[in-house]
Amino acid sequence: MNSNKGIRNLFIYGGLFFFAVMAVLTYDTMQQLPHRAPEITDEVNAGKMVWHKYDCIGCHTILGNGSYFAPDLTKTAQRKPHEYLKNFLINPKIANPKATMPRLGITEEEAGKLVAFLDWISKVDTNGWPPKPILAAPAMVSTGELSAGQKIYQSLNCSECHTLNGIGGTMGPDLTHVGSRRDRVWLKGHFKDPQKYVPDSVMPLVIASDADIEQLTDYMLTLK
Amino acid sequence: MTIKYNSQKIAQNFYTFAVLLFLLQAVVGIIAAIQFIWPDFFILNFNTIRTIHINAMVVWLLAGMMGAAYYVVPEESETELWSEPLAKIQFYLTVVATLSVLLGYVWMGLDPQANKTVFGAGLLNEGREYIEAPRWADILIVASLLLFLLNCFMTVLKTRKWTGIQGTLLGGLVMLTVLYIPGMFYTRSMVADQYWWWWVLHLWVEGAWEVVAGALIAFMLMKLVGAERGVVEKWMYAEVCLVLFTGILGTGHHYYWIGTPPYWLWIGGVFSSLEPVPLLIMVWDALRTTRENRNIENRAGMYYITGHVIFTFVGAGIWGLIHTLPAVNKWTHGTQITTAHAHLAFYGAYVLLILSIIYTTLPAIRGIKVYNDSRAFKSFWLMTISMIFIALTITGAGIVQTIMERLMGLDYIAVKSGYNMWFWIFRAIFGAGFLIGTVVFVKDYFSLGKEQ
Ligand code: HEM
Ligand SMILES: [Fe+2]
């Protein structure tokens, strides 16, 4: 049994050595964290507490860790309008009739804090994660040159909420055949004031010049 | 087969508790699988179901380890346990703490507002995966672990037989207890929160628990095939040594994208890639030992331990290695690939470990000479084959998700409830297969040695 003394000591002291290295790296990491993210205000912290209170991590991932049942929320605040997110959190089904996220009883105040928290996390330096989808561009322009309306559609990030030919978000309705459902007047009016056309709509109003809205509408009408 | 010291019997209390929680884990696992297909399927939302699924697992694996230690320590020390009443108290403390936490989760599931924030932490649920247990329960858990360690150490001190096996076992258990503490304080930064959270989770499963497993494997090889102590202890040290040398800094594979400095890409990549090495040594050690010593009395125990070492290597080693390098992990991080690995690794490395120790020690505890092991084999194959297919279907879903969402930029929900639907359906079917295997095992556990 004594013949194992050498390797036993290697186990004990080697293990302690690696823990010591880990401790030093941890110290250094903790020193660097504040420089890799915006300041944590009291509101952001309050949002984090609300996050824990409702066990959001039991469905979502954040920074890529958590449960894998619902979308990752690391960059959500950069991609979706904050007003929309607040409405969604308070009552997902009103914001998005197809939503399966349950109504958890989040108050308006709590929703505001959560959005502040999500906004903070979206600005953390994550070494480039999540990466830009490298195959996305080829998939979108497979039909060739983009029309003016298509470019506006892309630059206004409409695809965050709408699907076209299978690509895009599912918050709003699929727009693949919207041109056969809606006419020019409806579309233009809806862009300028969604709630007037669809009560309780959470679609953000489109902020763009009249000319751009005209071209966007032309584009919508080609989708039949 | 009989036990040498009467107090070793206390192990059975812990095993029974573990086995019942295992059944609960499998049942709620099915509910979770159905919710992937049909989100409103149950009165409790997915988050509550998943919390119960993973917490039941952590607690039953820990209960299994405690039971095992109460069996091993008296035997290695060649004396009765220091205090049997203390062990009983510690057992009931564990049961009461677990059940109250469980009730709290259900309550919160029915009424999310019940999870009030008290002293900066949730009263019923801390909202951090795997360690959701609220602060008051953390304290009870640590108290229970400390009473348990006290009992073990006082037993060792009675005879001062510091064998390699029990030294390593207790070392691993102390490490496990200490590493629970980084998960017990609040941080304002979500980045720091996840940083410390991985100290608990990663350093448990790829550190402390592996050390415990190394010691238990050595003990079982001696029991099952009469292997020579000097030799198994040497290999045990080699394994646990490499586990710590690769696994501690291997924590870096969780620090690539959470807001921590970029040097972790190198440290995590290099050290975690080496983590499968000790797992391979474990396989080699177990297979060599069992081939050299062929006088096997307990075939079921032997079967499970062989399955254990092989599936540790497959689930943790191979399924871990495929996504551990930063260049791959950048695309797979946060996808179902992780889930596939988590299932196969926990099953291989820890579920089968605890089932091996149960099959190795239970016949002695119950004083049985021979028993019908056909049910043990049946449950082994039902569970193992089901788990392989569960892991394969989730891996398939993970590949589709990585390509469509991460590479092509499709929406998460479009991929999950469209393209991946068939994977969820098959996963639920294999999940049912697993549950049947679990039921066969539970039945076998309760009837072993009690028939005829
Ligand atoms: C020894 C048993 C092991 C168990 C029980 C285990 C378990 C887990 C679990 C549960 C997770 C997911 C945590 C979450 O919910 O976010 C995970 C993540 C991970 N594991 Fe393991 N693991 C083991 C060994 C290994 C090994 C040996 C490697 C590397 C070779 C490895 C590589 C990884 C990686 C890279 C991730 C992170 C995936 C991501 O978030 O991108 N694991 N593991
Ligand atoms: Fe890990």
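All chains are named by letter (A, B, ...) in the order of the sequence lines, taking the proteins before the strands, and each is independently numbered beginning at 1.
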Can you spot which of [options] makes a side-chain contact (heavy atoms from CB on, under 4.5 Å) with [X]?
X      : options                     : result
A/L25  : B/T251, B/I267, B/T260      : B/I267
A/K53  : B/M108, B/Q113, B/K116      : B/Q113
B/V191 : A/I40, A/T126, A/L33, A/T29 : A/L33

Can you tell which part of [X] gets under 4.5 Å to a heavy atom of chain B, answering side chain, backbone, both or neither?
X      : answer
A/P102 : side chain
A/T41  : backbone
A/M101 : neither
A/K98  : neither
A/N9   : neither

Between the main-chain N or O of [Y] and the side-chain N or O of [X], is there a donor-acceptor pair closer than 3.5 Å?
X      : Y      : result
B/H333 : A/P130 : no
B/R50  : A/G58  : no
B/N115 : A/Y54  : no
B/E129 : A/I57  : no

Taking atom [atom1] as the centre, does [X] end up with more than 12 heavy-atom neighbours from other residues, nucleotides or ligands that are less than 6.0 angstrom away?
X      : atom1 : value
A/Q31  : CD    : yes
B/W196 : CH2   : yes
A/F19  : CZ    : yes

Counting only non-hydrogen atoms closer than 4.5 Å, does [X] touch chain A with its backbone (N, CA, C, O), its side chain (CB onward), both, or neither?
X      : value
B/A32  : neither
B/V243 : neither
B/D193 : side chain
B/T187 : both
B/Y130 : neither
B/I403 : neither
B/Q194 : side chain
B/S189 : both
B/M236 : neither
B/Y412 : side chain

Identify which of [options] forms the greatest number of heavy-atom pairs closer than 4.5 Å to chain A.
options                : result
B/M404, B/H254, B/Q35  : B/Q35
B/Y256, B/W197, B/W331 : B/W331
B/G171, B/C241, B/G409 : B/C241

[X] [atom1] to [Y] [atom2] distance, which is reported to the nearest 0.5 Å:
X      : Y      : atom1 : atom2 : result
A/I12  : B/T168 : CD1   : OG1   : 8.0 Å
A/I134 : B/R406 : CD1   : CZ    : 13.0 Å
B/M190 : A/F117 : CE    : CZ    : 5.0 Å
A/M22  : B/I248 : CE    : CD1   : 8.5 Å
B/N47  : A/L104 : CG    : CG    : 7.0 Å
B/T338 : A/N65  : OG1   : CG    : 8.0 Å

Exercise for review: Report the relative orientation of the aromatic rings in B/Y186 and A/H52; use parallel for angles under 30°, tilted for 30 to 60°, perpendicular for over 60°.
Suggested key: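 Because their plane-to-plane angle is over 60°, the rings of B/Y186 and A/H52 count as perpendicular.
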Practice item. Specify whether A/F18 and B/F271 have parallel, tilted or perpendicular ring planes, treating 30° as the upper limit for parallel and 60° as the lower limit for perpendicular. Key: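 A/F18 and B/F271: perpendicular rings.
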Using a cut-off of under 4.5 Å for heavy-atom pairs, which of [options] has the most such pairs with chain B?
options                     : result
A/V124, A/N45, A/V50        : A/N45
A/A37, A/G14, A/G15, A/S67  : A/S67
A/P131, A/P34, A/G128       : A/P131
A/K48, A/H35, A/Q32, A/E160 : A/K48

Find out whether [X] and [Y] are in side-chain contact, i.e. whether some heavy atom of one side chain is under 4.5 Å from a heavy atom of the other.
X      : Y      : answer
A/D42  : B/R188 : yes
A/T26  : B/W199 : yes
A/F11  : B/V211 : yes
B/P262 : A/R36  : yes

Check your understanding: Which heavy-atom pair separates B/D40 from A/T100 by the least distance, and what is that distance?
Key ->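 Heavy-atom minimum between the residues: OD1-O, 4.5 Å.
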Practice item. Check A/P71 against B/I413 and note the closest heavy-atom contact, atom names and distance. Key: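 Taking every non-hydrogen atom into account, CD-CD1, 4.5 Å.
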Practice item. Establish, for the pair B/K416 and A/F69, whether the NZ or CZ atom is under 6.0 angstrom from the six-membered ring centre and no further than 45 degrees off its axis. Key: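 B/K416 over A/F69 ring: yes.
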Review point. Does the side chain of A/T74 come under 3.5 Å of the side chain of B/W257 through a donor N or O and an acceptor N or O?
Key: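 No - no donor-acceptor pair under 3.5 Å links their side chains.
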**Study point:** Worked check of side chain to side chain contact (heavy atoms under 4.5 Å, CB included) between A/N127 and B/W264
**Key:** CA-CA 10 Å; A/N127 297 330; B/W264 286 110; over 6 Å; no
